[in-house]
Structures are given as structure tokens and as C-alpha cells.
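Letters A, B, ... mirror the listed sequences (proteins, then strands); counts begin at 1.
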Amino acid sequence: MENLDVLASLEAKSRTTTVEALAKRGKKSVRVIRAADVALMVQEAVERAIEISGLISPEAIEEVKAQANIEFDRLKTERAEEQRRIDEIESRSVELESTIEQQAHQLQQRTSELEEARHRLAQALAKQSEIDPEEVEGLRQENAQLQDARTELEQEITAMREQLGLFETQALELRIQSEAFEELRAEHRLQLGRLEQSEVERAGLADKLEAAEHASAALNTRVEQLSTQVASLQTELATAKAQPAAAPAPAADSTQALLMMRLMDEIHALKQGHGAPVAQAAPAPVAAAADTSSLEDKLAKIVGSLDQKIEKMGKKMGVSSAVDTEVDFKSLVNRAVDDSQSLESNIDNVEVEKRAGAGIAANLARIKKLKGGG
Amino acid sequence: MTHDDFEGDKVDASTEFCIESSTETSKLLGKGLDIGTANIAAAIQTDDGGVAVSVERNAFLDIKADVYSKNMLTKLKVPYVVHNGNLVVLGQAAFELANIFSRETRRPMCDGLISPSDTDALPMIKLIIQKCLGDPVEPGENCYFSVPAESLDADNNVVYHQGLFEGLLRKMGYNAKAINEAHAVVFSELADSDFTGIGLSFGGGMVNACVSYKTIPALSFSVARGGDWIDKNVAQVLGIKRSKATHIKEQGVDIRDPKNREEEAVAIYYRNLIHYLMENLAMRFAAGQDMPTFPDPIDIVCSGGTTMVKGFIEVFQDEFAKIDFPIPVRRIFRAEEALNSVAKGCLVAAAIGE
């Protein structure tokens, strides 16, 4: 127990410190003693004192010695363990010392490099001070001018790029307009051709109509003449019927009747002919067929024209029979987006007017209900 | 069961996990975009079930670029871009500046379509759209945008206009689809009538009409007259700038009871515009084949910025009474949110995804 008390006293009265702290205090080496050795020394001193005093019997001393030997063996084992630890600590200390030395060496190297750099800087400053300040100022001004010129050039290039972009957009728009104009021109040409064709046809028809009118006038004159003759013959017939005494010759009566019939037939034929002057004017069935074909063409054209009008009306009503193709405006859009992205603006820092409105949940519910979804 | 219930428990092969599902994102997908001659409006659904509409005037004004002007615009939070060496002011601010300096604003769109004469139109309108619409919540999000129908009285190229914006929105990452402007009004305002009736959109460049039967458009057309046409004519007869005429029109005229010469001119042209549209609508009804037979009287809904003037619906009813309309009409009314109507209708179409 005494040994343990010694150790406890040692623990209480000692303090722990690091190897680095010792090195900082200038201790490069220290003497060490194990706590067990201290305790052993104390024990030996006590035993010797008891032996000399004669207070304890020799048997008791032997017993104490045996116990002390046991205790000593235990202490020896502990000492061996402590020795191993100390060796470890010492080897770690050596490693640390070597690391510290390396770092110190590196620090020295860095310090010398810094010194060298300072020296070079001092030399450079000394050289700079030798340069004429006016020359320096001149160079600075020249540099500033060059910088300004560069900025201006950059601005010009930017402006030219913007201008180029605009030109390209305008060119594209002009091209689109030009294409639209070309389409319009082609359509106008087509319409003009049709107009010219119809003009020619109209002129032919006018000639035919004039000829038919002439024929009609001649026939009318002939009808009138014949009518006059018929009237005079009817008068004569009536006069003859009214004079029974003077019996007319049967042959003459028959001749007049025949003449009358012939005249009536002729008038009838003429009237029929007058009703269809164009057909009568046609010299042969081939010409009549040609006329029919021309008429069909005209009808086809009229139908075509009507179709076009219906198509236009349909377009206005949102209905079209034409197959529509999608126009791709991607390049125009890309250009606009690129143009606007390169612009300097504060628009991101400005708030737009906000209005609060009623919700749309009722509308959505009603639509879903209409579509049978709810 | 929440994630906290699992805290501290040992997880082994027999442990069961409960996966929490979320429908919030899919509910809010889809955007509606009203590309109007006068205004650009974008509609989105909000978390609380409402609709938020971002609006910007579709106009710009170029002023000389100098550091002072640029600083002033930045301080006043006026949106601008530097373009071709000029400062280009965008949106409502451009309109206000034009009035102050007695100048005309430049308009990216004319008569309902992208302006062919202004080469700067496309980049400027793209910036305004981007500002209102923002980026898609996820790539390929539906965005329905409004397009006009072909005009009865003008030869306009709707195909070019539609193709251009379709491409622009696709480039921005949206799945872009076009919907007729007046059809969008039907989607927005005629839910109570099962989307049956006549939707009218009185815009800046034109008036669009759509006759719908249970969501299906039976007839769509437009006339190339709108708010701008009123402004132009008022400016001509009064000898003032168009932007000034717009200002007079928008400052609170009651077209039933005009108070001075300027208001009288505005009222005359409003009445003429409404009459012109009704005549054309009646004529299309009378002449149109394949028109649906409406079993009940139908509703007519008017929307758009041009309807915001006081007395619009009363004057519309006056003009309607003057013509012999071929089908019975139950109600003529203005959309509750006349300025948001087209954008909201586009949003409905986008949410439905058809």
C-alpha cells in the first residue's frame, strides 16, 4: 500500500507537458526516472531503517522481504512496460525533431527566396526611378488613347453588327415581300391573259351578233313584205267572196290558196329563224359544234371564277379547301431574340403593373363537365 | 404521419415509409398571354386560387442617350434599353413621356398585328413579353397566346403574326399555342352560359368577334377598327396628337353625355365603331351557313380596354336596338375584368391544355 501511496503522491504532485513545450523552453534533453523506481527507492529506505532500528523480529523481516520481492517483481514488470512506452515517446520525439528541422529548413529557403524577390523589386524600382517621368506620362497617355481607340473600335464593331442584323432582317422582309409581290404579279398576268382571251371571244361574239342582227333585219323586212302581200291577197279574197255573180275561176282560187299556204309556211320558217339567228347563221354542223365547245369553255371559266370567289368567301369565314403548309419563322425569331439579349437594359430591376383577378376554377370545372369529365 | 414520427427509430429492412404527395406544382402550371395592340397582359394562377395578371403597355419611345438621362431613368425605375445608340423607354412610361414631350409613341403592333413598318418592333415586344410573362415554371409549360381572326375589312397576314409569336414563346421555353382573342373572352366570361354566346374583344387595333356554341367556335372574324381608330379620327377632327386623343379618351369620358367638343368627338366615333361592328355581325349571321341553332336567347359579352369608357354598354344597347339582329339576345354585358378577360381566357385554355 505504501508503494501505491507513493505513486499516487507522484501523480498528484507532478504535471504533464509536451515534448514541443520542453523544446520551446530550450530543453534539448531531459533526465527521466520511472515512478516505480522512486517508489522502490522509498521502500528500500524504509526497510533499511526498520532493520537498523531492531523493532521487528528477523522472521517478520523475512516475511516482509518475501512480500517485498513479490512486490518488486510486479514493479519490474510495470517498469518494463513503462520503459517500452518511454522508448516509443522518445522515437516519436526524434521523428518530430526531424520534421521540425525540415520545416525550419524550408522556412529558411522561403525566407531567402523572399529576400531575393525583395532585392529584385528594389532593383526594378530603382531602375523605374531612373526613367524620365514625362516619358512615363507620355506612355500612359498613349496607352489611354490606344485604350479609347480600342473601345471606340469595339463599339463601332458592335454597332456594325447590329446594323448588319437589321439589314439582314430588312433584307429577309424585303425578300418575303418580293416573293409575295411576284405571286401577285403572276396572278395578275394570269388574270390579264384570261381577260385578253375573253376580249377576243367577246369580239368574235359581237361580230356574230352583228351579222345575226343584219340577217334578222333583212328577214324582218321580208316578213313585212310578205305580210303586206298576204294582207292584199286576203283583201282580194274577201272582195271575191263578196261578189258571187262574178264567179271566179276555180283554178285561180286554188292558185291563190296554194300561194297563201306557201307564204304562211315561209313566214313561219322565217319567224323560227329569227328566234335563233346564231344557229341559222352557222354554216355547217362543225361550226355549231365549235360554238358549243366554246360555250362550254366559257361556262367552265365562269364556274372556275365562281369557285375562286367561293374560296375567298370561305377563307373569310375560316373555311378553306386548300392544303395549308406551315411557314417556319424560326430564323426571324432567333434573330429577334439574339438582338434583344445583347441589349443593355435595366428592365430586370423594374416591376410591371400587377392586377389581381378572380380565379378560374369554376370555368375549368364547367368545361370538364361539358366534356363529360366531371 | 409526418417525417418527425420516424425520428429516432431504428431503420431496418422491415421499416415502412410513408411518401408525402404534392399536387401544388401541377395545379399552377399553364400561362395565358394577351398580345394586344395597346397592352400586353400575362395571367397566371396564384397559390390562393386567384389569378394574377401582369400588364404593360405595348409601346416604346426612343430618346437621345446620355449619362444624365440614363441615370434619371434608373432612379425613377423607368424600364429602358440601349438600342442603336438611343435610350428606348418601354411600356407605360413611354406613353407618359410621350404625353409630356408632345411626341408619338412607337408601337410594336399595328391594327392587331406585329407592325411590318417598324424594324425595332420584334426585339422590343420580346422584352415586354419577357417582362410580363417571366420564365416557364418548367420547360415546355403550356402558354396560350391570343391572335386575331382574319379581318373582314383589311388584308392582314395573321399567319405571319401567329408564327412569329409561336416561335418567340417556344424560344423562351414554352409550349406555345394560339387561340382566337374573342374565343378566349368566351372561355373567360361565358362559363355560366356553358360557353355559348358571342364574345367580343374591343382592343386597340381591332375588334374581334366569336360566336361560340358549348366552347366550340362557330364563327370568328375581326374588323380593323378599335381604340386606335377612335384615337386617330378624334385626333384628325380636333387637330391634336394621337397620344393626346388617347389621353382624353382614357381620362373618364361618359359617351352617353359628352361635356365638350373633344368628348363629343370621342362619343361619335365610339358610337360609329359599335354600329359598324353590329352591322357586320348581323350580316355575317344572316349570310353564314353552318351556323348553330341556338335553342335559347344568347348572351353577348364585351371586353377589352376600349369598353372601359363610361356608358359603353348603354350605347352598345342603343346601337343594338337599331339593327334587326337575326337571333334573340338575352343579355348584353361588359366583362367584370374587361382588361384581364383575354389573358384569363388564354389561361383557362392553357390549364385545360387544349
message = Tell me which of these, B:Ser188, B:Pro217, B:Ser54, B:Ala149, has more heavy-atom pairs under 4.5 Å with chain A than the rest.
response = B:Ser54
Donor-acceptor pair, side chain of B:Asp153 and main chain of B:Ala224, under 3.5 angstrom = yes
ask   = Which bit of B:Leu90 comes within less than 4.5 Å of chain A, counting heavy atoms only: side chain, backbone, both or neither?
value = side chain
ask   = Of all of B:Ile125, B:Leu73, B:Asp192, B:Asp120, which one pairs up most often with chain A through heavy atoms under 4.5 Å apart?
value = B:Asp192
request  = May I ask you to decide if B:Val78's main-chain N or O and A:Asn346's side chain share a donor-acceptor pair within less than 3.5 Å?
outcome  = yes
request  = Against chain B, label A:Ala361 side chain, backbone, both or neither, depending on which of its atoms sit under 4.5 Å from a heavy atom there.
outcome  = neither
request  = Using atom types as modelled and distance alone, determine if a side-chain donor or acceptor of B:Glu56 lies under 3.5 Å from a backbone N or O of B:Gln92.
outcome  = yes
task = With a 4.5 angstrom heavy-atom cut-off, could you sort out which part of B:Leu339 is near chain A: side chain, backbone, both or neither?
result = both
inquiry  = List the residues meeting ring-ring contact (aromatic ring centres under 6.0 Å, His included) with B:Phe165, not counting sequence neighbours, and say none if there are none.
reply    = B:His161
inquiry  = Less than 4.5 Å to any heavy atom of chain A: does that hold for the side chain of B:Lys171, its backbone, both, or neither?
reply    = side chain
key: Under 3.5 Å: donor-acceptor pair, side chain of B:Ser69, backbone of B:Ala65   = no
query = If you look only at pairs with a residue in residues 146-155 of chain A, which of them pass as a salt bridge (Lys or Arg N to Asp or Glu O under 4.0 Å), with sequence neighbours excluded?
reply = A:Arg150-A:Glu154
query = For B:Asp48, is it the side chain, the backbone, both or neither that has a heavy atom under 4.5 Å from a heavy atom of chain A?
reply = neither
ask   = Tell me, side chain or backbone of B:Val88 under 4.5 Å from chain A's heavy atoms, or both, or neither?
value = neither
